[in-house]
S.K.: 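Below is a structure I'd like to ask you about.
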Amino acid sequence: MTMHSHLKSSFAALLLLGSAAIATQPAHADALEDIAKAGVINVGVFADFPPFSSASADMSLKGYDMEVAQFIADSLKVKLNTVAVTGQNRIPYLTDHRVDLLMSVGYSKEREQVIDFAVAYAPYYIAVIGPAALEVKDKAALADKSIAVNRGTLEDTSLTEAAPATADIKRFDNYNAVIQAFISGQTQLMVVGNDVGAQVLARQEALKPEQKFQLLTSPSHIGLNKNEEGLKKAINDAVAKMLADGQLNKASEEWLKTPLNPENLKD
C-alpha cells in the first residue's frame, strides 16, 4: 500500500487512543499565540515520503510538504522545526501538543472526531500512467490493455472496479515490481498513486510516461488540534496565497512533475 492509503486503513486503531488523549489533556492556551511566543512552529512530517518529504543529499528534508510548511512558518514569522512522525504516532503527537501541525493528512469523518483540518493543500490521487504514444482517454479505453497494480491496495480496488472485463490486470506484491513491469514493457500501463507516479515521470525520459486519467482523488490536508480557529485561519490564508500566486503550482511541477489542477484539492 502507499503511505497515504496505509494511513487511512490504520487510523481506526488510533481513534480511541487519540480520543483518550483529548479527554485527559489539560486546558491549553491559544496555539497561534503559543507559536508566536515561542518563535517556532513544530510540524510533523514523514521523513521518508517522497516526493512530499524525504532526506536530500545534505540530510535535510525536501519536498512538496516541506515547501508548504516553510511558507506557513515564514507567514507566521517564526522558525520551522520539523518533527519526524509515523502513521502510528502522529495523531498522539498532535493531541499531546508535541507538534502544532501535521502534513499529509487525508480527510475522513473518523479523523474529524479527533482532530481538525485546514484547507486541502496537496493533491493525492490514483492515476493510470502510460507512455505518451499510447492513447488512453478513459476507463473504457482500458479494455484489452495490460495494467500493472500493487496487489490488495486501494489502487487495486479502484482499478478492479473501473476496468472493463477484458482488461488484463497483472497484480504484483510491491511498487518496485509494478514499476519494473511497466518500464520493461511487461505491461502497457500501471496504476499508482501520484506519490509513486511522480518518481516514474521524473526518471523515465525515454519512455515518456504521462498520466492518462484519474481513478480516485483524496487530497491531503494539514491537521491541527480542535478549537484552534486562529491557527486554522492563518494556515488557510497561507495556502490561499500560495495557490493564488502560483507557488503551489510551482511546487507541484517541481516535486510531483505535473501542473497543479485545483480540482484535485477538492474532497
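In this text the structure is predicted, and so the values were computed from the model without any measurement.
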S.K.: With the side chain counted from C-beta on, respond yes when V136 and Q188 share a heavy-atom pair under 4.5 Å apart, and no when they do not.
M.R.: no
S.K.: Taking the side chain as C-beta and beyond, is there a heavy-atom pair between L224 and D100 under 4.5 Å?
M.R.: no
S.K.: Minimum heavy-atom separation for A55 and L61, please, with both atom names.
M.R.: N-CD2, 3.7 Å
S.K.: Which heavy atom in S220 sits nearest to a heavy atom in Y124, and how many Å separate them?
M.R.: OG-CB, 4.3 Å
S.K.: When rounded to the nearest 0.5 angstrom, what is the spacing between CD in E67 and CG in L248?
M.R.: 9.5 Å
S.K.: Compare every heavy atom of F46 with every heavy atom of G87, then report the nearest pair and how far apart it is.
M.R.: N-CE2, 3.7 Å
S.K.: Does a salt bridge link E253 with K250, judged by any charged N lying under 4.0 Å from a carboxylate O?
M.R.: no
S.K.: Is any side-chain heavy atom of L189 less than 4.5 Å from a side-chain heavy atom of V191?
M.R.: no
S.K.: Does any part of the side chain of L260, heavy atoms only, come nearer than 4.5 Å to the side chain of P123, both counted from C-beta?
M.R.: yes
S.K.: Test V114 against L94 for side chain to side chain contact (heavy atoms under 4.5 Å, CB included), laying out the working first.
M.R.: CA-CA 10 Å; V114 179; L94 179 63; over 6 Å; no
S.K.: Tell me every residue that passes ring-ring contact (aromatic ring centres under 6.0 Å, His included) with F117, counting only those two or more places apart in sequence or in another chain.
M.R.: Y107, H221
S.K.: Could you check if a side-chain atom of E155 sits within less than 4.5 angstrom of a side-chain atom of V196, using non-hydrogen atoms only?
M.R.: no
S.K.: Can you tell me how far CZ of F52 sits from CG of D65, rounded to the nearest 0.5 angstrom?
M.R.: 6.5 Å
S.K.: Under 4.5 Å between any side-chain heavy atoms of N81 and N42, yes or no?
M.R.: yes
S.K.: With sequence neighbours excluded, give me every salt bridge (Lys or Arg N to Asp or Glu O under 4.0 Å) pair touching residues 175-191.
M.R.: none
S.K.: Quick check: do L243 and Y121 have side-chain heavy atoms less than 4.5 Å from each other?
M.R.: no
S.K.: Mind jotting down which residue pairs meet the salt bridge (Lys or Arg N to Asp or Glu O under 4.0 Å) criterion with at least one end in residues 211-222? Sequence neighbours excluded, please.
M.R.: E210-K212
S.K.: Between D245 and Q247, is any side-chain donor less than 3.5 angstrom from a side-chain acceptor?
M.R.: yes
S.K.: When you look at CG of N227, are more than 12 heavy atoms from neighbouring residues, nucleotides or ligands closer to it than 6.0 Å?
M.R.: no
S.K.: Can you name the residues that form a side chain to side chain donor-acceptor pair (under 3.5 Å) with D173, not counting sequence neighbours?
M.R.: R151
S.K.: If you take all heavy atoms of P164 and A143, which pair is closest and at what distance?
M.R.: CG-N, 3.7 Å
S.K.: Considering only distance and modelled atom types, tabulate donor-acceptor pairs under 3.5 Å from the side chains of residues 177-184, sequence neighbours left out.
M.R.:
| residue | atom | partner | partner atom | Å |
| --- | --- | --- | --- | --- |
| S184 | OG | Q180 | O | 2.7 |
| S184 | OG | A181 | O | 3.3 |

S.K.: Does some side-chain heavy atom of Q211 sit less than 4.5 Å from a side-chain heavy atom of V128?
M.R.: no
S.K.: Tell me the closest heavy-atom pair linking Q186 and K170, and the distance in Å.
M.R.: O-CE, 4.2 Å
S.K.: Which donor-acceptor pairs under 3.5 Å do side chains of residues 229-238 form with protein atoms, sequence neighbours excluded?
M.R.:
| residue | atom | partner | partner atom | Å |
| --- | --- | --- | --- | --- |
| K232 | NZ | D116 | OD1 | 3.4 |
| K232 | NZ | D116 | OD2 | 3.4 |
| K233 | NZ | D237 | OD2 | 2.8 |
| N236 | OD1 | V119 | N | 2.8 |

S.K.: Mind checking the OG-CZ spacing from S54 to F49? Nearest 0.5 Å is all I need.
M.R.: 10.5 Å
